[in-house]
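Just so we're on the same page: letters track the sequence lines, and every chain starts at 1.
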2 protein chains.
Amino acid sequence: MAADKREHILAVAEKLFGDKGFDGTSVRDIAQHANVNLAMISYYFGSKEKLLEALLEQRANYTILEALNKDESLTPWEKIDKVIDFYVDKIMNNLCIHNIMQQANRSSTPGIKELTTKIKLRNFEQIKKIVLDGQKKKLFRKVDIEMTVGTVMGTISQVTLARHFYNVLFNIEDGNDEAYRKKMGPKLKSHLKQLLHAHLDIKNEE
Amino acid sequence: MAADKREHILAVAEKLFGDKGFDGTSVRDIAQHANVNLAMISYYFGSKEKLLEALLEQRANYTILEALNKDESLTPWEKIDKVIDFYVDKIMNNLCIHNIMQQANRSSTPGIKELTTKIKLRNFEQIKKIVLDGQKKKLFRKVDIEMTVGTVMGTISQVTLARHFYNVLFNIEDGNDEAYRKKMGPKLKSHLKQLLHAHLDIKNEE
DNA sequence: ATAATTTAATTAAACGTTTGTTTAATTCAA
DNA sequence: TTGAATTAAACAAACGTTTAATTAAATTAT
């Protein structure tokens, strides 16, 4: 069936782009790993670049944050914790696509650059709302919001990007996605929560 | 002269690898931008991979941290601030090589992978020492050291890797290195100091 | 329902470039 | 005059993409 094959190609491309980068992955690589004729990729997607665009557009449906922000029953503190849980899970379960997005900023076509920036901006705005709300309610102190969000995103990115470094640090087998998730996911969550609580708490205002 | 030419090729390669990635940069690209015959790159370095290795080995002389750590006159708090200043300056003034190191983890030869990991491990150990010392002196509270260092490295990396994102956020012209340094450097420093002070201060122990 | 016809999916082969690297000849400096 | 530096040209391999032919599926007509 056609739709299944398309999806399969996308899944294979995600893995390969994530592991070896866009430029480091050839169309023949993808075709071979997907057990698909080379020409099928041009047939379905038009080109290698378009394949990447299709991949990003399909995988970047970060709509849960908006929903979370509309939930009036949650306090800003609860929202912060939920955002961390959501983000860490999301990225730890999509290591490849996250790596692709981080790398997509260089070289690639302006369209892809703008697409990834748009996604990041949308997420940033949602977290910003939470922090502003917490400040209005006199729970959070004054902080540099842009940099605070950068710390959350950056800490998580660090764990997915410098993966080999953490494999060595924690004796995790290279390439074992499941073991990495299990070890680093909980570590990331509790660290980020503790960090943001100390950072944002109005009691720590200087 | 020979040594100068070698250095010039390294400088050009650094810029191009940093901008377009290792796989996205061709040997002909480098030769052309360096105004050097194509064959000179093989002649001087042996291969494209070896050129990258030479680049990393030359640029990764992070010895200042060790010196800083031996300075007994500084308190742990002062050391933290100095490490942040040092790191931010270092990376903001070497945006390209930092991007290269972040990307070098995928695809590339095991030798390069190990080299970048070794550098990161060395830096990690130095910061770890400072934190442990602060804890021994009852100034810092108990924290997850691996993740804390990850936050520092990750926040800085985020600012260099997601550069286009911050260009949009702060209305900085794309590609203007100097403007980026001037805007983001101070922001990074003051944010990280405030963040770590709240995070590490034993008074914020829960 | 079956045959005819049209559309979609799939293939192997070839296209022209670009890739990293090497060669063999030449120029330069010691 | 010897060895290093530099060059233009060529190398084979890999690249993304296209072509033209074939098979499978869907649609229409009988």
K.L.:
Would you mind reading off the distance between A/Phe17 atom CZ and D/dG16 atom P, rounded to a whole angstrom?
P.N.:
9 Å
K.L.:
List in chain and number order the residues that pass side-chain hydrogen bond (donor to acceptor under 3.5 Å, both in side chains) with A/Glu173, two or more places apart in sequence or in another chain; answer none if no residue qualifies.
P.N.:
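Checked A/Glu173 against side-chain hydrogen bond (donor to acceptor under 3.5 Å, both in side chains); matches are A/Asn176.
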K.L.:
What is the distance, to the nearest angstrom, from the CG atom on A/Asp23 to the P atom on D/dC15?
P.N.:
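Distance check: A/Asp23 CG to D/dC15 P gives 12 Å.
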K.L.:
Check residues 8-18 of chain B and write down every donor-acceptor pair under 3.5 Å in which the side-chain atom is one partner and the other belongs to a residue at least two apart or another chain.
P.N.:
residue	atom	partner	partner atom	Å
B/His8	ND1	B/Ala34	O	3.4
B/Glu14	OE1	B/Arg59	NE	2.7
B/Glu14	OE1	B/Arg59	NH2	2.7
B/Lys15	NZ	B/Asp19	OD2	3.1

K.L.:
List the steps, then state whether salt bridge (Lys or Arg N to Asp or Glu O under 4.0 Å) holds for B/Glu53 with B/Lys50.
P.N.:
CA-CA 5 Å; B/Glu53 278 182 45; B/Lys50 294 256 185 70; over 6 Å; no
K.L.:
Tell me every residue that passes side-chain contact (heavy atoms from CB on, under 4.5 Å) with B/Thr151, counting only those two or more places apart in sequence or in another chain.
P.N.:
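By the side-chain contact (heavy atoms from CB on, under 4.5 Å) rule, B/Thr151 matches A/Thr151, A/Thr155, A/His191, A/Leu195, B/Thr155, B/Leu195.
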K.L.:
OP1 or OP2 of D/dC15 sitting under 4.0 Å from any side-chain N/O of A/Ser26?
P.N.:
yes
K.L.:
Rounded to 10°, tell me the angle between the two end axes of the helix from C/dA1-D/dT30 to C/dA30-D/dT1, each built from five pairs.
P.N.:
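Answer rounded to 10°: the end axes differ by 10°.
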K.L.:
Nearest whole angstrom, please: distance from the C1' of D/dT17 to the CE of A/Met40.
P.N.:
15 Å
K.L.:
Show me the donor-acceptor pairs, under 3.5 Å and distance only, between side chains in residues 126-133 of chain B and residues at least two apart or in other chains.
P.N.:
residue	atom	partner	partner atom	Å
B/Gln126	OE1	B/Asn69	ND2	2.9
B/Asp133	OD2	B/Lys137	NZ	3.1

K.L.:
Check nucleotides 21-28 of chain C against the protein and report each pair of N or O atoms closer than 3.5 Å, with its distance, or say if there are none.
P.N.:
residue	atom	partner	partner atom	Å
C/dT21	OP2	B/Lys48	N	2.9

K.L.:
Determine which pairs satisfy side chain to side chain donor-acceptor pair (under 3.5 Å) with at least one residue from residues 30-43 of chain A, sequence neighbours left out, and list them in order.
P.N.:
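Listed by first then second residue: nothing to list.
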K.L.:
To the nearest Å, how far apart are B/Ile30 CD1 and C/dG20 P?
P.N.:
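Atom-to-atom, B/Ile30 to C/dG20, this comes out as 8 Å.
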K.L.:
Kindly write out the residues that satisfy side-chain contact (heavy atoms from CB on, under 4.5 Å) with A/Glu114, not counting sequence neighbours, or none if the list is empty.
P.N.:
B/His164
K.L.:
A/Leu121: what forms a side-chain contact (heavy atoms from CB on, under 4.5 Å) with it, not counting sequence neighbours?
P.N.:
A/Thr117, B/Phe165, B/Val168, B/Leu169
K.L.:
Could you tell me the separation between the CZ atom of B/Phe45 and the C1' atom of C/dG20, rounded to a whole number of Å?
P.N.:
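Value for this atom pair: 15 Å.
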K.L.:
Provide, to the nearest angstrom, the distance between the CG atom belonging to B/Leu16 and the P atom belonging to C/dG20.
P.N.:
12 Å
K.L.:
What is the distance from NZ of B/Lys20 to P of C/dT18, rounded to the nearest Å?
P.N.:
13 Å
K.L.:
Grab the CD-P distance between B/Glu53 and C/dG20 for me, whole Å please.
P.N.:
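After rounding, the reported distance stands at 16 Å.
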K.L.:
Could you walk me through whether B/Lys48 and B/Asp23 pass the salt bridge (Lys or Arg N to Asp or Glu O under 4.0 Å) test, one step at a time?
P.N.:
CA-CA 10 Å; B/Lys48 190 186 172 189; B/Asp23 290 319; 5.1 Å; no
